[in-house]
Amino acid sequence: MLAWAPLVPALPLAAYVLHLIFGRRAGERTALFGIVALALSTLLSLAILVQVAHGAAIDRSVPWLRIGGLQVRMGFAVGPLEAVMLAMVSFISCFIEVYSMGYMHGDRRYNRFFSNVTLFVAAMLTAVIANNLLLFFAAWEVMGLCSYLLIGHWFEDPANCRAATKAFMVTRIGDVGLLLGIWWAFSLTHTFSFAALPGALGAMHLPAATLDAIALLIFLGAVGKSAQVPLQIWLPDAMAGPTPISALIHAATMVAAGVFLVARTYGIFLLAPAALHWVGIVGGISAFIPATIACVQTDIKKVLAYSTISQLGYMMLAMGVGAFEAGIFHLLTHAFFKALLFLAAGSVIHAAGTQNMHEMGGLWRKLRTTGATFVVGTLALAAIPPFSGFWSKDAILRAAWASPDRALYWLGTIAAGLTAYYMTRAVVLTFFGRPRDAHVQEHAHESPAVMLVPLVVLSVPAALLGWVVDRPLRQLLTPHAPAAAAAGVYGFLPLLLSLAGVAVGLALYLGPLARREALLRSPLVRPVYGLCKRLWFFDDLGAVVMYAVGLGPSYVIGAFDRYVVDGVVNGIGWLAMAFGRLWRKLSTGNVQAYMLTMVVALAIGLVALQAMGG
């Protein structure tokens, strides 16, 4: 069965081709191409996962390019990590496509949306099974293109175009780093193979600085794709795209690809302890700062966007402290509950016609199914047991406590309390309390079944997955994984802070408005609130950097082009015109004038020869 693994990405790719050929004629039935393809990919992925769980693995490649004595091979590989990712990506993507049938109904570019989605998923699945960095990078770049097209799907609004361009440009910064790291490693080892690279680099006894530089360049690609600090500024703006795309980007593709890249090249990072330490530091900071920003957002999708950055930070933190299996475990659980939360948020937006939580309130009475599934996702994200997020986040923080850098444990623990607080705030503002907008309340209605069924299905793994697969999954990823670190009372502190975050959220947002206003006026909270509202000035700094790095040099280059390049070209033209005007005056048609000119020229030539000693 593992030999058929290339069919998993090939099926959605075939659906993409069918979209191009038959999309216009099929109308809204075009969605069935992708749904059927992804359903088959899911079944095949689950069969592969079962075989891998029983010890099967495969790594096949064929000669692809020969340059002199150098041969580059291309192929695919499936082991425990790849099998888990294939099953997760195909399963979630399939239900996102089903949901999209209802959400995108009536959209004028319905076929274009679904064709881009199938290509997006095909690229992610290709990246998962690629056994070399060259094929991986090609799929990585296709994902970047698809994200640009889907974020800017409603390009009539200039804000959506800006968001798509911002995402494309910021992630390119990371991609340049990744490309440099790939070619540096290749120039040393003459291989792109994931399996061969760590051994080849280790056998060369390279200086630690070289190994650290290669690893950090690869990590820069992951920082861009997974929206880690300081390249996180693109992801909240990416909410401009349709909500199903937000779910796809945040749960199953794009941002998950960055964490997967670190996991897939983990052997290189193990050769570079300093670089691995920086992975943990960036992860810890990215877990904490976006969690503080999420506490003050009013857009329901942006709350979830900053939450995604924070949770990806946990995964990077886990990689940085050596808890590989815990990081992948959280990648898996997060994919399910974050897809659930985004799709539930989309159901709310579909019903209420607004993304502003301050215009909602009291929607529970009209959106029972949506509300219940959103609460399930919230409890999973807030790491409340027995919901899935508790098990994976607990594994990460226990590993952080056991690591030499316990500051990462404290960053993650505080972020856990903030996560519970801002998600409780989102639930209360959206579903409970008094309606704050009569028009929204009057027109709110539950979503159609085609949107509700995926919510119900995804809520099951969001609730139970962590409890069911905790030990089996971690043993599959690391057969000889050490037992979870004993942290004493500190092992329970993240849970206590999560419960405290829920309690504070309920107390503040179920209580009177005056209580919150009084809190915001306090001298301790007010500056912190302002800092979070300004997004810790990262967007301002990003604008300055983009101006300095992008627009500033463009003006210099423009001036050089205008005054130097154009000046030289125009100057040559002016000289030619001036010579032409002079020659025209000499061309009089008078023979005596021509004879005089020849005599004068001969005299000047003789004088010049005499002067040169000739």
Side-chain angles (χ1 to χ4, degrees), residues 227-229 232-233 235-237 239 250 284-314 334 337-338 341-342 345 348 355-361 374-375 377-384 389 393 410-433 436 493-540:
Q228 296 293 275
V229 173
Q232 83 285 4
I233 57 175
L235 192 58
D237 288 353
M239 299 303 96
H250 287 250
I285 294 171
S286 299
F288 173 72
I289 291 178
T292 64
I293 298 173
C295 292
V296 300
Q297 294 299 304
T298 58
D299 185 317
I300 189 171
K301 286 177 65 176
K302 287 198 173 183
V303 171
L304 299 178
Y306 282 106
S307 167
T308 297
I309 302 170
S310 178
Q311 299 307 304
L312 291 165
Y314 275 105
H334 173 264
F337 63 68
K338 188 53 62 71
L341 284 168
F342 265 108
V348 171
Q355 296 179 198
N356 190 335
M357 295 185 296
H358 288 308
E359 297 175 0
M360 300 178 189
F374 194 91
V375 169
T378 294
L379 293 171
L381 175 55
I384 305 298
K393 192 176 290 186
W410 291 110
L411 285 172
T413 298
I414 295 170
L418 293 172
T419 302
Y421 164 74
Y422 67 67
M423 286 308 301
T424 302
R425 170 180 176 266
V427 169
V428 174
L429 284 175
T430 302
F431 295 103
F432 298 102
R436 286 177 289 278
L493 186 58
L495 175 58
L496 294 176
L497 284 183
S498 294
L499 294 172
V502 172
V504 172
L506 292 173
L508 283 178
Y509 287 91
L510 285 178
L513 178 62
R515 182 183 300 171
R516 298 195 294 276
E517 291 177 340
L519 183 65
L520 289 177
R521 286 194 298 269
S522 67
L524 182 62
V525 173
R526 189 172 181 178
V528 176
Y529 178 83
L531 177 65
C532 294
K533 268 293 189 184
R534 290 299 301 269
L535 313 179
W536 284 59
F537 297 97
F538 274 106
D539 274 46
D540 299 320

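Model, not experiment: these values are computed from the prediction.
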Any donor-acceptor pair under 3.5 Å from [X] side chain to [Y] backbone:
X	Y	answer
Lys302	Met239	no
Thr308	His250	no
Arg516	Leu508	yes
Thr424	Gly505	no
Ser498	Pro494	yes
Tyr314	Ala416	yes
Arg425	Val502	no
Lys393	Leu495	no
Arg436	Leu429	yes

Report yes if the side chains of [X] and [Y] come closer than 4.5 Å at any heavy-atom pair, otherwise no.
X	Y	answer
Tyr509	Val427	no
Pro236	Ile309	yes
Val303	Asp299	no
Leu535	Tyr306	yes

